[in-house]
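Remarks on the structure that follows.
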There are 2 protein chains.
Amino acid sequence: MTDFAFADSDLQKFEEPANLLKALSHPIRLCIVRGLMRKKKCNVSYMQECLDLPQSTVSQHLQKLRSAGIVTTERSGLEVNYILADRRIEDIVNILFGEEDCRDE
Amino acid sequence: MTDFAFADSDLQKFEEPANLLKALSHPIRLCIVRGLMRKKKCNVSYMQECLDLPQSTVSQHLQKLRSAGIVTTERSGLEVNYILADRRIEDIVNILFGEEDCRDE
DNA sequence: TCGTTATATTAGAATACTACGATATAAGAA
DNA sequence: TTCTTATATCGTAGTATTCTAATATAACGA
């Protein structure tokens, strides 16, 4: 009955990974993460300009990535730089995008 | 301006991977996928019993996995068996759950 | 201090997701 | 055919996401 590893109580074990994936599963956020894999460090207005989206939209996506632990921040003066913070995420994104090593394709 | 690889038109390139992740980012669906990695093939009522959830709930999650291309089906008599259909998904789940090779932990 | 720039937060409407009972379909047995 | 089992779909209430303008905060310079 449980070699499928499906015990009800176990469902809790899947909450955290599911939340991580959920934070990543939006085209804008995926794009941001991919960009950070290439650029290593980036401030908000630069992303905003590249993405051509309202500032609050970009910022809200960044907060979502941050509270999932996917990125972290580093203030320098007026700017806040975002940096990837979870190695697993890079591996996942590489799987999705075919592992080419961060040059322009 | 675009070494971040953030051109607006490019956002479309992220839709498909984002949808794949979205289909995966729910604890029940993650649990099902993980179970299928171990058991290879499984019918609905078995999953339903293990998960202890209403039949329609399980079925709906399965349809979501199926329409994302994550699983495929194979009917045998009254039963419908579900099988993983996307290798990338297994890699992603292994990253999330620490890569132990499908024995009971 | 005041002004300016960069970023974060709030508010609220539109949209999407989730759970689950009720119902429908599909396949085999009698 | 009718009955039964296994699975899928529908209806819908509750909940969560998403977008964006408006507003708030944080840091710097004058």
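Throughout, a chain's letter reflects where its sequence line sits, starting with A, and its residues are numbered from 1.
- Taking a heavy-atom distance under 4.0 Å as the criterion, the stretch of DNA chain C touched by chain A extends 5' to 3' from C:dT5 to C:dA11.
- The residue A:R29 sits close only to the backbone: its heavy atoms come under 4.0 Å of sugar-phosphate atoms, none of a base.
- Contacts of A:Q63 with the nucleic acid, taken as non-hydrogen atoms under 4.0 Å apart, involve only primed sugar atoms and P, OP1 or OP2.
- Counting heavy atoms from C-beta on, the side chains of B:L21 and A:L96 come closer than 4.5 Å.
- Residues A:L24 and A:L30 share a closest heavy-atom pair of O-CG, 3.5 Å.
- For residues 71-93 of chain A, there are no ring-ring contact (aromatic ring centres under 6.0 Å, His included) pairs, not counting sequence neighbours.
- Among the protein residues, A:S45 comes within range of the sugar-phosphate backbone only, with heavy atoms under 4.0 Å from sugar or phosphate atoms but none that close to a base.
- Of the listed residues (A:E74, A:E79, A:Q48), just one forms a side-chain hydrogen bond (donor to acceptor under 3.5 Å, both in side chains) with A:N43, and that residue is A:E79.
- You'll find the side chain of B:K13 reaches within 4.5 Å of the side chain of A:R34, heavy atoms only.
- Side-chain contact between B:L51 and B:I32 is present, with at least one heavy-atom pair separated by less than 4.5 Å.
- Chain A approaches DNA chain D within less than 4.0 angstrom (heavy atoms of the protein), and the contacting nucleotides run 5' to 3' from D:dT17 to D:dC28.
- Counting heavy atoms from C-beta outward, A:M37 and A:I89 have side chains that stay 4.5 Å or more apart.
- Residues A:E79 and A:T57 each lie close to DNA chain C; by heavy-atom proximity, the contact nearer the 5' end of the strand is made by A:E79.
- Judged by distance alone, with hydrogens and angles left aside, the side-chain atoms of A:S25 form a donor-acceptor pair with the main-chain N or O of A:K22 at under 3.5 Å.
- For A:H61 and B:Q55, each mapped to the nucleotide of DNA chain D holding its nearest heavy atom, the one lying further toward the 5' end belongs to B:Q55.
- Annotation: of the two residues near DNA chain C, B:P54 and A:L78, the 5′-most nearest-nucleotide partner is A:L78.
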